[in-house]
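First comes the structure, then the notes that go with it.
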Protein chains: 2
Amino acid sequence: MSDRSNPGAGKDRAFVNGLARGLKVLASFSPDRIRMSLGELAKATGLPKSTIARLVHTLVETGYIYVCPDSGRYSLHPKVLTLGYPVMASMDKRLVALPMMQELADYSRGTVSLGIRDGLSMILIERSRDRTVRALPLDIGSRIPMETTSMGQAYFAAAGTAEQAAILEQFKTHDPSRFQDVERTLRAAEKEYAEKGYCTAVGIWEDDVNAVGVAVTLSNDVLAAFNCGGPASRITEDSLPGLGVRLTDLARHFQTADWVGQLPPRPYRGVQTP
Amino acid sequence: MSDRSNPGAGKDRAFVNGLARGLKVLASFSPDRIRMSLGELAKATGLPKSTIARLVHTLVETGYIYVCPDSGRYSLHPKVLTLGYPVMASMDKRLVALPMMQELADYSRGTVSLGIRDGLSMILIERSRDRTVRALPLDIGSRIPMETTSMGQAYFAAAGTAEQAAILEQFKTHDPSRFQDVERTLRAAEKEYAEKGYCTAVGIWEDDVNAVGVAVTLSNDVLAAFNCGGPASRITEDSLPGLGVRLTDLARHFQTADWVGQLPPRPYRGVQTP
DNA sequence: CAAAATCGTCCCGCATAGCGGTATAGCGTA
DNA sequence: TACGCTATACCGCTATGCGGGACGATTTTG
């Protein structure tokens, strides 16, 4: 009886298309394209223009997008930050890491970040930078690739075999041509991590950027990873072993820090809708 | 009939209900309820169970919600953080404030935060805490009310007359019974701000919490406000004037710091979908 | 140990909500 | 004036999301 002509992916009756597309619109913004017109959004998402108009209209009504007063174009409203807040709050243990991170950032004259995995990339959930450096650290919520960063490599190395397999599988389907290289890189990282206790990345993510990475688990058993790095002018290749040891120390202190009971009994004082 | 989750105009052909409802689902999570079952979500959003099932299914497929392995309940995926990243990146000037904020936090032995307005509340976009204090600062993305916090009051005082009118109007329609008090409070705050250059809030948001607030504008002409405060045991009422002066100094330094050109020519190295 | 309450999933008829092509009006530019 | 770009409006179609109810499996309760 399959007169319905879509066998491949199989039409999913329980899939709300409008929702998925609207999220695609929200996700199509990037630091490069902060403000976009309907046409640009249509191009960025690949959706027809009238559809975009409807979705954007809805997003404006709900307050997640606003029209820029002068340019008349559309931009993400800071309200989207509130969507992520419960996530941040659920990983509050990272706050005990903040002073340690700041200390190491000052010592190394670089940047120290903490991130977790999403798909094939790492999402930064905390960062601190040396006070003297003018460069910006990547901000909370930004993504960096897994296979070419010390953070991502350390994460992979510390992941369980099941998760590792899943990651590799995802790499395989995502970009088969690079898969061989990626797998070799990650396995090498795993080996390095087992031997030294940290991963090093010398100019493989961006030229001129060196870093070390170490994995930890957050309070809710979520795997995460620190990195410490910066431009080669500040973080020399020779200094990486020392930083690696310091970062593993940091991770150990963080890991063993007793956190239970430090939470003040703060009820959620957040405000609701308006 | 079909209740529209959005009041106001009657039939809006261009309103994608599924999208609005899905966002409502995402927004229904809070630090108190990090993991929810379909039934809980139905209760929290007021939507029928089968509708929730469809929406959640879509959100799981798109990766914004995941099923907690052990409990089997649903939780926000850290991926939602990436939605807010462009917003953070567009306000990168706040990063120059970070060292100043940390310094003041250490000095005051309290917490220094920066926030912007959304509706009738303030959303925190940056925070730093004294290294010795165990209490958590409210995290990035969290909301605090406007009328009862020094940050919100300072914001209101520094807002233009048009925005002030809009805010008051919103208060009026949102909670008419409290409107009189709110307006009196905000006008008093305005007066205080004009005289002293900062607003003080002594135990009016939470008992036992004192704070001062000062407004600034971010690089993109977005109005924002700092606060500096903490529990009364650390931030005494007597110390507030001194902190107020320091905070206005901080704001002035931040405001006059030349920021243009400090941005390194960093292309967006973020990773896309997977 | 049974009763009660949830849990998530499935089903299905229905009406409409969302779709997208096309057409239009307003700006700024070439 | 003709063009490219905005955003908005229109409109017929049907795929699509809707929601009540039933279902079996678990878990909690008494």
Side-chain angles (χ1 to χ4, degrees), chain A residues 1-26 28-29 33-62 64-75, chain B residues 1-26 28-29 33-62 64-75:
Chain A
M1 321 281 239
S2 60
D3 45 335
R4 281 279 155 252
S5 53
N6 283 342
K11 266 306 178 188
D12 191 353
R13 292 270 292 166
F15 191 81
V16 181
N17 218 350
L19 172 54
R21 290 172 147 187
L23 291 171
K24 201 172 179 182
V25 169
L26 287 181
S28 70
F29 288 89
R33 0 191 74 199
I34 299 181
R35 299 167 197 184
M36 304 171 85
S37 68
L38 291 187
E40 290 176 289
L41 281 165
K43 231 172 285 174
T45 57
L47 298 173
K49 222 168 54 170
S50 47
T51 298
I52 288 289
R54 238 173 307 117
L55 295 173
V56 169
H57 171 72
T58 307
L59 291 170
V60 169
E61 287 292 312
T62 50
Y64 291 99
I65 279 184
Y66 71 98
V67 279
C68 212
D70 37 310
S71 65
R73 297 202 287 175
Y74 301 95
S75 186
Chain B
M1 309 268 262
S2 62
D3 71 315
R4 164 138 296 140
S5 51
N6 177 22
K11 281 201 122 191
D12 191 353
R13 290 269 293 165
F15 191 84
V16 182
N17 219 350
L19 173 54
R21 289 172 149 188
L23 291 171
K24 203 172 178 181
V25 170
L26 286 181
S28 70
F29 287 90
R33 0 190 73 200
I34 298 181
R35 300 169 197 181
M36 303 172 85
S37 67
L38 290 187
E40 289 176 291
L41 281 166
K43 233 173 280 175
T45 58
L47 297 173
K49 214 171 60 173
S50 46
T51 299
I52 289 289
R54 239 174 307 116
L55 296 173
V56 168
H57 170 71
T58 307
L59 290 170
V60 170
E61 287 293 311
T62 50
Y64 290 99
I65 279 184
Y66 71 98
V67 280
C68 212
D70 36 309
S71 65
R73 297 202 288 176
Y74 300 95
S75 187

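Each chain gets a letter, A, B and so on, in the order the sequences are listed, and its residues count up from 1. Values in this document were obtained by computation on a predicted structure and should not be read as measured data.
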Response to the item:
When rounded to whole Å, the CG to C1' distance for the pair A:L55 and C:dG20 reads 12 Å
Worksheet item: Can you check the A:N17 CG to C:dT16 C1' distance for me, whole Å?
Response: 16 Å
Practice prompt. Tell me which nucleotide among C:dT9, C:dG18, D:dT6 gets nearest to the side chain of B:Y74.
Written response: C:dT9
Practice prompt. Would you kindly compare B:S50 and B:K43 by the position of their nearest DNA chain C nucleotide and give the one closer to the 5′ end?
Written response: B:K43
Worksheet, complete the sentence: Of D:dC18, C:dC7, D:dA7, the nucleotide closest to the side chain of A:L38 is D:dA7
Discussion item. Given D:dT8, C:dC19, D:dG19, identify the nucleotide with an atom nearest to the side chain of A:R54.
Written reply: C:dC19
Worksheet item: To the side chain of A:K49, which of C:dC19, D:dA7, D:dG17 is closest?
Response: D:dA7
Worksheet item: For the side chain of A:A53, counting heavy atoms from C-beta on, which of D:dT8, C:dC10, C:dG20 is nearest?
Response: D:dT8
Practice prompt. When you get a sec, tell me which of D:dA7, D:dG19, C:dT9 is the closest nucleotide to the side chain of B:P48?
Written response: D:dG19
Practice prompt. Figure out the CD/C1' separation between B:E40 and C:dA5, and round it to whole Å.
Written response: 13 Å
Worksheet item: Starting at CG of A:L47 and ending at P of C:dG20, how long is that distance when rounded to a whole Å?
Response: 8 Å
Practice prompt. Could you check how far CZ of B:R35 sits from P of C:dT6, rounded to whole Å?
Written response: 21 Å
Fill in: Whole-Å distance separating the NE2 atom of B:H57 from the C1' atom of C:dC11
15 Å
Fill in: Of A:R33, A:R35, A:R73, the residue whose pairing with A:E40 passes side-chain hydrogen bond (donor to acceptor under 3.5 Å, both in side chains)
A:R73
Worksheet item: Taking all non-hydrogen atoms of both residues, which atom of B:F29 and which atom of B:S75 are closest, and how far apart?
Response: CE2-CA, 3.9 Å
Fill in: Closest nucleotide among C:dC7, C:dC19, D:dG19 to the A:R21 side chain
C:dC19
Worksheet item: Given atom CZ of B:F15 and atom C1' of C:dT16, what is their separation to the nearest angstrom?
Response: 16 Å
Item to complete: Mind listing the closest non-hydrogen atom pair of B:R21 and B:L47 along with its distance?
Response: NE-CD2, 3.6 Å
Item to complete: Identify the heavy atoms of A:A44 and A:M36 that sit nearest to each other, and give their distance.
Response: CB-CE, 3.6 Å
Discussion item. Between P on D:dA7 and CZ on A:R73, what's the gap in Å once rounded to a whole number?
Written reply: 9 Å
Worksheet item: Out of C:dG20, D:dA7, C:dC7, which nucleotide sits closest to the side chain of A:S37?
Response: D:dA7
Worksheet item: Looking only at side-chain N and O atoms, does B:T51 come under 4.0 Å of OP1 or OP2 in D:dC18?
Response: no
Worksheet entry | Nearest atoms (heavy-atom pairs only) where A:A20 meets B:T62 | CB-CG2, 3.9 Å
